[in-house]
**Student:** 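Okay, here's the structure, questions in a sec.
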Amino acid sequence: MQAIEEWVKIEGFDDQAYIDFVFNDAQAMIDHMYQEHDAPYFDYIGAFYYHYGEHAYRTVPLRGMMAAYYLRATWGTTSARSIS
């Protein structure tokens, strides 16, 4: 995700499929994030998981989320799908 964020700045690499991959992956991460209502422990809120109930991942998924954020800031709302 971080690589794509940088590559799309280069002419010829600004393919919508690459951008969509980043946003779709970010949405999948959001879907696998512990929320206040479903976290098994209080300190898991906002952390990510691969399978519900396992230990929380905090830093690595955040790098991808930041890449999606910066890509969204660079490309604006006209070429990027909204992430909920």
Side-chain angles (χ1 to χ4, degrees):
M1 292 173 75
Q2 291 174 297
I4 292 171
E5 174 207 346
E6 293 298 323
W7 289 345
V8 297
K9 297 174 186 173
I10 301 169
E11 189 174 335
F13 283 98
D14 54 347
D15 190 325
Q16 187 64 40
Y18 301 151
I19 296 167
D20 288 343
F21 168 79
V22 172
F23 290 118
N24 290 335
D25 204 31
Q27 184 62 54
M29 285 192 275
I30 290 170
D31 294 341
H32 285 91
M33 182 172 68
Y34 288 116
Q35 306 290 322
E36 188 173 354
H37 66 277
D38 68 354
Y41 305 102
F42 178 73
D43 60 343
Y44 277 27
I45 297 171
F48 302 92
Y49 61 88
Y50 291 102
H51 303 285
Y52 181 81
E54 68 184 13
H55 72 278
Y57 297 94
R58 295 190 184 278
T59 56
V60 173
L62 286 178
R63 294 178 187 163
M65 294 299 293
M66 290 304 298
Y69 170 79
Y70 287 123
L71 187 61
R72 174 66 174 236
T74 301
W75 286 86
T77 59
T78 57
S79 64
R81 184 172 78 88
S82 178
I83 298 176
S84 58

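What you see below is based on every heavy atom in this structure, not just the backbone, and it leaves out hydrogens, waters and symmetry mates. In this chain, residues are counted from 1 in sequence order.
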**Student:** Please find the pair of heavy atoms, one from W7 and one from F13, that lie closest to each other, and give the distance.
**Tutor:** O-CB, 3.0 Å
**Student:** Taking the side chain as everything from C-beta on, heavy atoms only, tell me whether M65 gets closer than 4.5 Å to M33.
**Tutor:** no
**Student:** For residues 9-19, pull every pair meeting salt bridge (charged side-chain N to carboxylate O under 4.0 Å, His left out), keeping only residues two or more places apart or in separate chains.
**Tutor:**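 Residue pairs with at least one partner in residues 9-19: E6-K9.
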**Student:** Say you draw a straight line from CD1 of I19 to CG of L71; how long is it, rounded to the nearest 0.5 Å?
**Tutor:** 5.5 Å
**Student:** Can you confirm whether E54 is buried at CD, in the sense that more than 12 heavy atoms of other residues, nucleotides or ligands lie under 6.0 Å from that atom?
**Tutor:**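 Count over threshold, so yes.
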**Student:** Among all residues two or more places apart in sequence or in another chain, which pass the side-chain contact (heavy atoms from CB on, under 4.5 Å) test with Q2?
**Tutor:** R63, A67
**Student:** Could you list the cluster mates of Y34? Members are the ILVMFWY residues connected by side-chain heavy atoms closer than 4.5 Å, either directly or through other members.
**Tutor:**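 Its cluster partners, ordered by chain and number, are Y41, Y44, Y49, Y52.
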**Student:** Please report the shortest heavy-atom distance between M1 and F21, naming the atom on each side.
**Tutor:** CG-CE2, 4.4 Å
**Student:** Show which residues join Y69 in its hydrophobic cluster (side-chain heavy-atom contacts under 4.5 Å, direct or indirect), or state none.
**Tutor:**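 Under the 4.5 Å side-chain rule, Y69 groups with M66, Y70.
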**Student:** What's the spacing between D25 CG and I30 CD1 if we round to 0.5 Å?
**Tutor:** 10.5 Å
**Student:** Checking one residue: F42. Which other hydrophobic residues are in its cluster under the side-chain 4.5 Å linking rule?
**Tutor:** I45
